[in-house]
Protein chains: 4
Amino acid sequence: MGDVDWVARARQVAARLAEDAVRREAKGAEPVAEIEELRSAGLLALTIPTGLGGQGQGWRTAFAVVGEIAAADASIGHLLGYHYLQLWRPWLFSAPERATELARRTAANDWFWAGVSNPRDQALILTDAPGGGFACDGVKFFATGASVADRLVVSALHPPTGRKLTFVLDAGAPGLRYLGDWDNLGQRLSASGGVEFTSVRVDPADLLDRADDPDDPEAPRGTLISLGFQLALTQVLAGLGRGALRTGAAYTREKARAWPTSGVDSAVEDTHTQAAYGTLSARLAAAELLVDRAVVAFADADALGVGLDPVRRGELGVLVSQAKVLVSELAVEISSRVFEVTGARATAARVGLDRFWRNARTLTLHDPTVYKAAEVGRHVLTGALPRPDGYS
Amino acid sequence: MGDVDWVARARQVAARLAEDAVRREAKGAEPVAEIEELRSAGLLALTIPTGLGGQGQGWRTAFAVVGEIAAADASIGHLLGYHYLQLWRPWLFSAPERATELARRTAANDWFWAGVSNPRDQALILTDAPGGGFACDGVKFFATGASVADRLVVSALHPPTGRKLTFVLDAGAPGLRYLGDWDNLGQRLSASGGVEFTSVRVDPADLLDRADDPDDPEAPRGTLISLGFQLALTQVLAGLGRGALRTGAAYTREKARAWPTSGVDSAVEDTHTQAAYGTLSARLAAAELLVDRAVVAFADADALGVGLDPVRRGELGVLVSQAKVLVSELAVEISSRVFEVTGARATAARVGLDRFWRNARTLTLHDPTVYKAAEVGRHVLTGALPRPDGYS
Amino acid sequence: MGDVDWVARARQVAARLAEDAVRREAKGAEPVAEIEELRSAGLLALTIPTGLGGQGQGWRTAFAVVGEIAAADASIGHLLGYHYLQLWRPWLFSAPERATELARRTAANDWFWAGVSNPRDQALILTDAPGGGFACDGVKFFATGASVADRLVVSALHPPTGRKLTFVLDAGAPGLRYLGDWDNLGQRLSASGGVEFTSVRVDPADLLDRADDPDDPEAPRGTLISLGFQLALTQVLAGLGRGALRTGAAYTREKARAWPTSGVDSAVEDTHTQAAYGTLSARLAAAELLVDRAVVAFADADALGVGLDPVRRGELGVLVSQAKVLVSELAVEISSRVFEVTGARATAARVGLDRFWRNARTLTLHDPTVYKAAEVGRHVLTGALPRPDGYS
Amino acid sequence: MGDVDWVARARQVAARLAEDAVRREAKGAEPVAEIEELRSAGLLALTIPTGLGGQGQGWRTAFAVVGEIAAADASIGHLLGYHYLQLWRPWLFSAPERATELARRTAANDWFWAGVSNPRDQALILTDAPGGGFACDGVKFFATGASVADRLVVSALHPPTGRKLTFVLDAGAPGLRYLGDWDNLGQRLSASGGVEFTSVRVDPADLLDRADDPDDPEAPRGTLISLGFQLALTQVLAGLGRGALRTGAAYTREKARAWPTSGVDSAVEDTHTQAAYGTLSARLAAAELLVDRAVVAFADADALGVGLDPVRRGELGVLVSQAKVLVSELAVEISSRVFEVTGARATAARVGLDRFWRNARTLTLHDPTVYKAAEVGRHVLTGALPRPDGYS
């Protein structure tokens, strides 16, 4: 499969998703068919080594694919980005055989992965089960993709030891209930509802045995996961911005009318309209290069394995935050301002151009941009590196 | 009724509208109940002289009332603003007795008015009917409020004379069909669908006998109507901005959580959040003063009657455009940025905070802001006054 | 003198100042001639009651005059605004006879006033002098206008009592040395250098006997002075913005050339140029209304005398901060962006258009805008009022 | 010399230039010493092939060097960027032997080059001289670097044939007079005054024999020079932005004081300050990547030689304009906003932080950004490529 141009293939999937994105979003069904599209295009196993049955692609391709999908449908791009990260997560723990086996089974079964670990909720609680293992109880909100996943990565607190444990779980395990309570203005197809755990059995063999503890100075590699999530959000926002601009430009070209007093015959000849597209596209082009740079740095950091040191990890954090700050602001700007150059009729519901802003607005609030910007600025001023936590 | 504080009463109506604004918008029914609210509060007859059975209030009160209603529900503010203008429109024609009679009957019947005259459509066509009068045929889009109105003001072309004629019509007249095709991202309750005319009979007595021809240099008063519409949109946007900021502030105060790394205990103590509200509220306060100034100038220009000269009319046009340019940009900015200070959970559909942006985005595209800004700048640079047309 | 239109007169003075503003600034002499201009126009005694020999004008006229002067020369507007405040300052202390006498003598001698009280320096120190009175020692920086003043208002610490005392001083008193060390990028004619005190004798009769202690909840009136300074800076910035826009527009009209590919014959016909002027002028017009509102509130608060309560004082503080936040951002924006619509040749030193940005940039850093914005936002969110201090 | 790290060497030169940049600018002498610095560091011959005696570096290194120098002193960066372009210009004409010889002599003599060809002036006039050759007469303004150059590239009109001819000239040729009339707010050391030609003799051997006629569809390579100038300006602006941010950050770190109500002890700990630096640095990092991409595309286009086709040339034009639009806006923003995070004392003339804004404001007006943005937007909308002219 080394000859496949995966980005081109993602573009084909994206083109199909774009066709009925407005209708699908209005309907708001669980994104089962969409994940099936990703699966049948071979994108779910994209990052799994060929030796384990996957496509053997690296992070650069994976993020590029996420960007293409997100340009058409930011929800699906979001799901795919998180899938790649959750699937990779076992490798961050000191259990390479376990990670290898999971990867192989994922390739074999074309599993879709998701996570249950929103840092701002109360923790899930693990109690020791008679006969070994644990029972897991509690509720977590905003578990993107969990309700349509095959496998979950879950974090929970084990009060007897005070440790936060992470484990892999069959998404269809007894005792799991998907709340279906994601009803937000954007990312409507991202299946980001809550999950309720009632005495869900956790097998000790499914534990990933070193917690990705952000406070452990010995374990910079373990903390890469937070940066992965930040980077995935960043890539989705960049893709979304591209989608908004491209969709807007198509509308302006094909449907917008010149304003009567503009002195030109068609909307595309209006230099005000041109200048707006020119300015926004320049900002976007620059922002995408910044995202690409962060992706390369992320891939490089991953490649270092346990050799990743705190400084390098911290510098990666600054690069990721820098990209996220810029793209967050820009995705909102593009998706709101694009209407100014498409005109009044582009506000029709059937055009669906507002989904870009709704998605951007929703995604950009994942965590506050201003504190990311402060993180970057602190580094500029003092050289300090961001302290790893669930968002940094 | 001179003792009634109409703005306070409008605020009460607004408070009721705000209560279920999210639910009503989601349902998307024709705004019949909402107009009934306005009617029963006495707001429909607000501007009709007391001697004719109305409340005898001037434009300043009327626009203030529109602003209050718009802060709660921009669709209903829009409908009310246009109602005041359509009801006033007969006075711009040289038929004071006709206008007087219509005002009296409006007060007596608590009529709601709307218009059918989108300048960017093909014109409706009047053909001479056997036995006098005309038959009116054609389709007009974006006839805000028409489908829920009692009386309409309609403009149509009479090809035999080449004149554009304006007339009053019973909104329930045979041959009228309301298309119900308004399905846009914002202003969802503004009943802005199209109207189809099939041989609708127009009585000569219902003609308003001097067309408000924007090219007639003798008739600056006749061209006030375009400025009235522009000013109503401006006031609705200002109200909407206020509503967004107020609703956002209530959310931040009551529901938002402090960000973990912010170092403060509650969201309202975060100086980043404070500074954002401070900056936006400063801009809004200034913009509202500019709108108020344009409203006063509009009232003054109206009070001059036919004594209004082109220069004064032109200067009013500059003031209105100035306010509209500023408020358009600001309403979009506030309604998009407010999410940054309410946080991720405020994107829930039940919170409904996105309706402000959707309404702002829809209203601000009525006609392009950049050409309004150019109109103002041309005046700053050369003293030139805007040429009256359907948007200026 | 009740018939004099003082704003018109200020405009005449401003016109003269504008004529050679660029040359005067380049020369950078002490603003002695400029103050003489103000004096001979009768502007120094503007706010002194007619019964005491002055022009009897209130704050609204005074601030309008400051705005006119600042539009031509922000340094001189700054000096005049501070003069009005220092001259008024004795009335804030419980010594009406002293204030009356000072006002009378000021009118008689056409004194120019300035202050020495930068809150961020070390305090001046008062030591008890043998034979009564005090000796004052120390250095204060940024004492705008002091070196060209007739009378100074000085604040100093009296360590034996721990009190901060305020007193009036002849600006030519022995032991005063003006450092002439104001060499900053803007406000070059504002005589804002430091002052060194060496055993300067302070007569007990010159003490203003209640310190304007910002912590004294009983004395909201005493704390009006900080708001006066903030408001004067705000008015100067608004005037400066107007001056920048007006000067730019004159240049565009008279000297700018149409860009070859613009398709128009003269720069004023370029709709991009028009739109920029239109947008900036709309923002400025709104901001000026906000400043005017704060001025009215300031005048009203002053008129309440000791009847001013903390709530009213606090609300005034919010209004002043709101205006300052908006105008600070806008003055910088206008003065920098105006070049985009005047073109490359307007960067010639002899045109001197950069002085507006240099003045704006310097003035807006007096205290950080972001904390003013936070003050306003905190009020929006919680109703809290700003705590009076040297900047609030 | 292949082992030299030329960017590092440029950084050393830049460090020396930065040391006294404020003082040198205030003095405003002709930049003779500065060019000598460049010369003695080997930077003037940087792009000349090693076989001809130069350093053999390509455009990527050359532009990187220009950026480093510009970060310290935008005038000198400007001079150096133009030098590389003028020195390269003979290669764009069909006279490789002439270009080779000029390059060899430049390396041997360490010549500094400049041009005389501002497109918006009246043309210089060539008249046929008795005995062959021409006499050149007229005045050109804004001839950056000419007065301190060794060799000039000059464009002039030959009325008998109607052709615009380009030729090389000894900058010390009889009949040349440097007007020394560059007295603008920024780029004060760029020696951008005018040049008067009085019967300056032009040897036919010095003609570059094919005019770089922008209308000639056969000669896309010839039109690369305009893009080179645009790109050099872009690189200088990017460097300048970096210099402003770096200088500001050093000031904030070393000298700024925490604001009393900020709740922190040092300015670098203020999260508002951090967020501002973070946001600006993120924008700059992205913009620099966009500039780098345009530089690579420029180098690639140059490498194609006469094989460069109009489409590729046009796409390069879009990339260059995109970078220029972004960087122009950003350089002004950074250089103006940086004061907000350095504080009031950073406005002191001796700090000289305003030079960045003055330089940015001057450079960004070279040609209007809005028409560059329109060029980019037109391409986004329609695929149209910019029409080559003196600015595109």
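Below, read A as the first sequence line, B as the second, and so on, with proteins coming before strands; counting in each chain starts at 1.
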**Item:** chain A interface, residue from B:Phe339, B:Trp259, B:Phe141, B:Phe142 that has the most non-hydrogen pairs under 4.5 Å
**Value:**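 It is B:Trp259.
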**Request:** Please determine, among B:Asn184, B:Val351, B:Asp181, the option with the most heavy-atom pairs under 4.5 Å with chain A.
**Result:**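 Most pairs with chain A among the choices: B:Asn184.
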With a 4.5 Å cut-off on heavy-atom pairs, point out which of [options] contacts chain B the most.
{"options": "A:Ser392, A:Ser262, A:Gly343", "result": "A:Ser262"}
{"options": "A:Arg345, A:Arg337, A:Arg188", "result": "A:Arg345"}
{"options": "A:Gly186, A:Pro119, A:Pro368", "result": "A:Pro368"}

**Request:** Can you see which heavy atom on B:Arg120 is nearest to which on A:Ala258, and at what distance?
**Result:**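 Scanning both residues, the minimum pair turns out to be NH2-O, 3.0 Å.
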**Asked** Which bit of A:Arg257 comes within less than 4.5 Å of chain B, counting heavy atoms only: side chain, backbone, both or neither?
**Response**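 Both backbone and side chain.
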**Prompt:** A:Trp357 versus B:Asp354: any side-chain heavy-atom pair under 4.5 Å?
**Reply:**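 SC-SC contact between A:Trp357 and B:Asp354 confirmed.
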**Asked** Quick one: does A:Ser336's side chain get under 4.5 Å of B:Arg361's, heavy atoms only?
**Response**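 Contact flag for A:Ser336/B:Arg361 side chains = yes.
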Gap separating the [atom1] atom of [X] from the [atom2] atom of [Y], nearest 0.5 angstrom:
{"X": "B:Arg358", "Y": "A:Arg358", "atom1": "CZ", "atom2": "CZ", "answer": "8.0 Å"}
{"X": "B:His366", "Y": "A:Thr347", "atom1": "NE2", "atom2": "OG1", "answer": "11.5 Å"}
{"X": "B:Thr342", "Y": "A:Leu365", "atom1": "OG1", "atom2": "CG", "answer": "6.5 Å"}

**Request:** Can you check whether anything in residues 263-282 of chain A gets within less than 4.5 Å of chain B, heavy-atom wise, and list it by number?
**Result:**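 Only A:Asp270, A:His272 of residues 263-282 of chain A have a heavy atom under 4.5 Å from chain B.
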**Message:** Within residues 21-29 of chain A, which residues come under 4.5 Å of chain B, heavy atom to heavy atom?
**Reply:**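 Under the 4.5 Å heavy-atom cut-off, nothing qualifies.
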**Message:** Going by side-chain hydrogen bond (donor to acceptor under 3.5 Å, both in side chains), name the residues that satisfy it together with A:Lys324, two or more places apart in sequence or in a different chain.
**Reply:**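 side-chain hydrogen bond (donor to acceptor under 3.5 Å, both in side chains) check on A:Lys324 returns A:Gln230, A:Asp367.
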**Prompt:** Residues two or more places apart in sequence or in another chain: which of them pass side-chain hydrogen bond (donor to acceptor under 3.5 Å, both in side chains) with B:Thr369?
**Reply:**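 Expected list: none.
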**Request:** Begin from the C-alpha positions of B:Asp389 and A:Thr261 and carry the test side-chain contact (heavy atoms from CB on, under 4.5 Å) through to its verdict.
**Result:** CA-CA 10 Å; B:Asp389 66 20; A:Thr261 64; 4.2 Å; yes
